[in-house]
Number of protein chains: 2
Amino acid sequence: MSAQQYPVQALVASRRPHRKDAARNYDALLDAAREAFAEHGADASLEDIARRAGVGIGTLYRNFPSRRELFESVYANDVNELVRVAEEVADREPWEALTAWFARFAGYMVTKRAVREALDEESEIFDACRESMYAAGGPLFERAQQAGVARKDMDFGDLIRMVAGITATVFTDDAQRDRVLSIALDGVRTR
Amino acid sequence: MSAQQYPVQALVASRRPHRKDAARNYDALLDAAREAFAEHGADASLEDIARRAGVGIGTLYRNFPSRRELFESVYANDVNELVRVAEEVADREPWEALTAWFARFAGYMVTKRAVREALDEESEIFDACRESMYAAGGPLFERAQQAGVARKDMDFGDLIRMVAGITATVFTDDAQRDRVLSIALDGVRTR
DNA sequence: ACTGTAGCGGAGGTACCCCTCCGTTTCAAC
DNA sequence: GTTGAAACGGAGGGGTACCTCCGCTACAGT
């Protein structure tokens, strides 16, 4: 659980300012941005984000000099959250730990989609986040494989993309999403 | 195979102009728009689309008086293509016909995503397209169920969303996409 | 309490996009 | 070939978003 194990943690910690008012504004901007990304995707207006956060546009640009840095920060924070969850579920049964982790994916994918659209793969943050993600979730999957409940002819990268695709899709209701996800996971499970 | 069976066919046919130059411009605009949607999603610039098509912005607006109508036309054309493919594969083995049809999904989903973003469910075209889609693909799935190769505790709506989600996802390469899709379909197949 | 400095907000210049309008061009019917 | 109707292109007005810049504010260290 060292800082090196999850490179994304450094990104999350490094930017937050020290002065009290500044830190408050920083947090408000991150929240407002996450909300705006969920609503408008990659084209959320920065001026709108500043407005939501109740700060001037100048404050937004001081904290995040470029659009890219704002996207990266929001994304890194979300990945960090998912890393935390992986630790939380680690003591459950192998298959159940894995599915519990994936249950948190829907929220994460909302941000992820906007960020991927906006940054278009050019950012090194994807490497750090993927690495953290794999370090967090990979062991859950490998444990399931070793316990003999998950098929061995696929890797974690295959699995995470499958789940990502399904959770990012629009369903008629949450019950359908759960049903479809569980059918797809039936393809992963050994019987 | 009457016109009524696939409501989307009416939408596709009705708009294309009769004069030769006008028809050529109309086709160029549809192609340019599909390309722009793939690149920039719902926020593709109409002026850019006209530029790509090699026509003036005025011509675009004459053919598609509103942004919405352009999106609808591109989308309807894509759905129509998928309807055609369903007829093409109908004479193969049940399971193979189904997977062959889904193999054409990736291209369709590119447009679909932009259109869904732009129209935000408010358009009645989604009903016509969904109906056509189900009329085209549904029988392929039901045939697989009756042949005993597809599980019976899910419906075509579940299946199509599962495949849509997976094909819309970014993979490292096409081989991975195919592998993941086939694993998910293993969850659908009876063994 | 004082004060220097980090932080603040928003006006405004630039750029792009939307959409309308109308003078010009091209088609096709005769 | 003539002609009129249909189609064309793009200038331009209105709007919005990006980002910079700088006079003002409020925190925190002494």
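The figures here come from the full heavy-atom set of this structure, side chains too, leaving out hydrogens, waters and symmetry mates. Below, chain A is the first sequence line, B the second, and so on; all start at residue 1.
- Under the salt bridge (charged side-chain N to carboxylate O under 4.0 Å, His left out) test applied with B/D78, the options B/K112, B/R34, B/R113 reduce to a single match, B/R34.
- Look at CD on A/E69: it is 16 Å from P on D/dC18, rounded to the nearest Å.
- In this structure, A/F64 has its ring center no closer than 6.0 Å to that of A/F71.
- Of the candidates B/D178, B/L185, B/I183, B/L185 is the only one forming a side chain to side chain contact (heavy atoms under 4.5 Å, CB included) with B/L181.
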* Nucleic acid footprint by protein, nucleotides 16-30 of chain C - heavy-atom cut-off 4.0 Å, B for base, S for sugar-phosphate alone -> -BBBB-----BSS--

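- Put simply, CD1 on A/I49 is 18 Å from P on D/dT16, counting in whole angstrom units.
- B/R179 CZ to A/R161 CZ: the interatomic distance, rounded to the nearest 0.5 Å, is 9.5 Å.
- Following rounding to the nearest Å, A/L60 (CG) and C/dC8 (C1') show an atom-to-atom distance of 13 Å.
- Note on B/T59: every side-chain N or O is 4.0 Å or more away from OP1 and OP2 of D/dA7.
- Criterion: ILVMFWY side-chain heavy atoms under 4.5 Å apart, direct or through other members. Under it, B/V74 and B/F105 are part of a common hydrophobic cluster.
- For the OP1/OP2 pair of C/dC8 and a distance below 4.0 Å, the side-chain nitrogens and oxygens of A/N25 include at least one atom meeting the criterion.
- Scanning for side chain to side chain contact (heavy atoms under 4.5 Å, CB included) contacts around A/D43 gives A/E117, B/D43, with sequence neighbours left out.
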